2 protein chains.
Amino acid sequence: MGASKSDFFTDKQNELASLFKALSHPARVAIIEYLLTVDTCICGDIVNELPLAQPTVSQHLKELKNAGIIKGSIEGTAICYCINETTLKKIESYFSIINTKLKNKCC
Amino acid sequence: MGASKSDFFTDKQNELASLFKALSHPARVAIIEYLLTVDTCICGDIVNELPLAQPTVSQHLKELKNAGIIKGSIEGTAICYCINETTLKKIESYFSIINTKLKNKCC
DNA sequence: TTATTATATCGTAATATTGCAATATAAAAA
DNA sequence: TTTTTATATTGCAATATTACGATATAATAA
């Protein structure tokens, strides 16, 4: 085999896993961090920021977009990408809940 | 190719990516969530909680341990796993910083 | 000692990811 | 119109992940 048995897990577990999978590559972490340094959303120069070829960057952007971590809107010839605040707030609150639960533990 | 070009990214970006990679499988999310429901750290029954064979669960536990997300200590014949609070706090603070930065954005 | 119990490792097949050259698309400029 | 510019898609080779049967290890029980 090799395919993950996602049918046996809850929807929430699968959703969380796919969010983390989207962030599980250094290039995609770098993209997020670059988007954070840019003031506006007009940012079609992500390709120049990364040590990867244009098709590869395009593929990484697609994965981040499919996971809902970034949003992209067409701006003439260029495309304007920015971080999806809602998703990142969800992720933060997930870890916030985990850490709250951990406070009542022994370990 | 197929190997990710981790040499071209910063250590922090690679570290974060490997933390997220550890969480990028629903079984491993399920393991974390199960560990949260258990009061003590004595928990050698993760295998019975998951719809996966013992070697597969063992492999997932190893990945979580290697990434520093869980800790495991030998407890006689069994092994006692628990969540590594330090790592999870780090992840929460990473997203907390991101969300703070996002507040000063247009989008 | 010989079970038994709990977990890890090995080996391997199925599948997924990564990266990029080549090519396609689609909007704006000439 | 044709060219340029920006991004996406296709196709494919290299590599990584997932899953599990078989087997190994290592501590306790009998």
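The sequence lines fix the lettering, A, B, ..., with proteins before strands; numbering per chain opens at 1. Source: prediction; values computed, not measured.
Residues of residues 55-70 of chain B that place a heavy atom closer than 4.0 Å to DNA chain D, in numerical order, are P55(B), T56(B), Q59(B), H60(B), E63(B). Within a heavy-atom distance below 4.0 Å of DNA chain D, the residues of residues 16-29 of chain B found are K21(B), H25(B), R28(B).
For I46(A) and dT7(D), the CD1 to C1' distance is 11 Å, given to the nearest whole Å. Here dG21(D) presents its C1' atom at 15 Å from CG of L52(B), a figure rounded to the nearest Å.
For the pair K71(B) and T86(B), the minimum side-chain heavy-atom distance is 4.5 Å or more.
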### Query
Passes side-chain contact (heavy atoms from CB on, under 4.5 Å), N84(B) versus L88(B)? Steps please.
CA-CA 7 Å; N84(B) 189 338; L88(B) 284 168; over 6 Å; no

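V47(B) and V57(B) get closest at one heavy-atom pair: CG2-CG1, 4.0 Å. Residue L35(A) comes nearest to Y81(A) through the heavy atom pair CD2-O, 3.6 Å, listed as atom of the first residue, atom of the second, then distance.
Listed by chain and residue number, Q13(A) satisfy the side chain to side chain donor-acceptor pair (under 3.5 Å) test with T10(A) (two or more places apart in sequence, or in another chain).
Phosphate contact (OP1/OP2 of dA8(C), side-chain N/O of Y81(B), threshold under 4.0 Å): present.
How far CD of E85(B) is from CD1 of I98(A): 11.5 Å, rounded to the nearest 0.5 Å. Atom-to-atom distance recorded for E92(A):CD and L102(B):CG is 10.0 Å, nearest 0.5 angstrom.
Checked against a 6.0 Å centroid threshold, the rings of F20(B) and F95(B) count as neighbours.
Contact annotation: side chain of Q54(B) to base of dA6(C), donor-acceptor pair absent below 3.5 Å.
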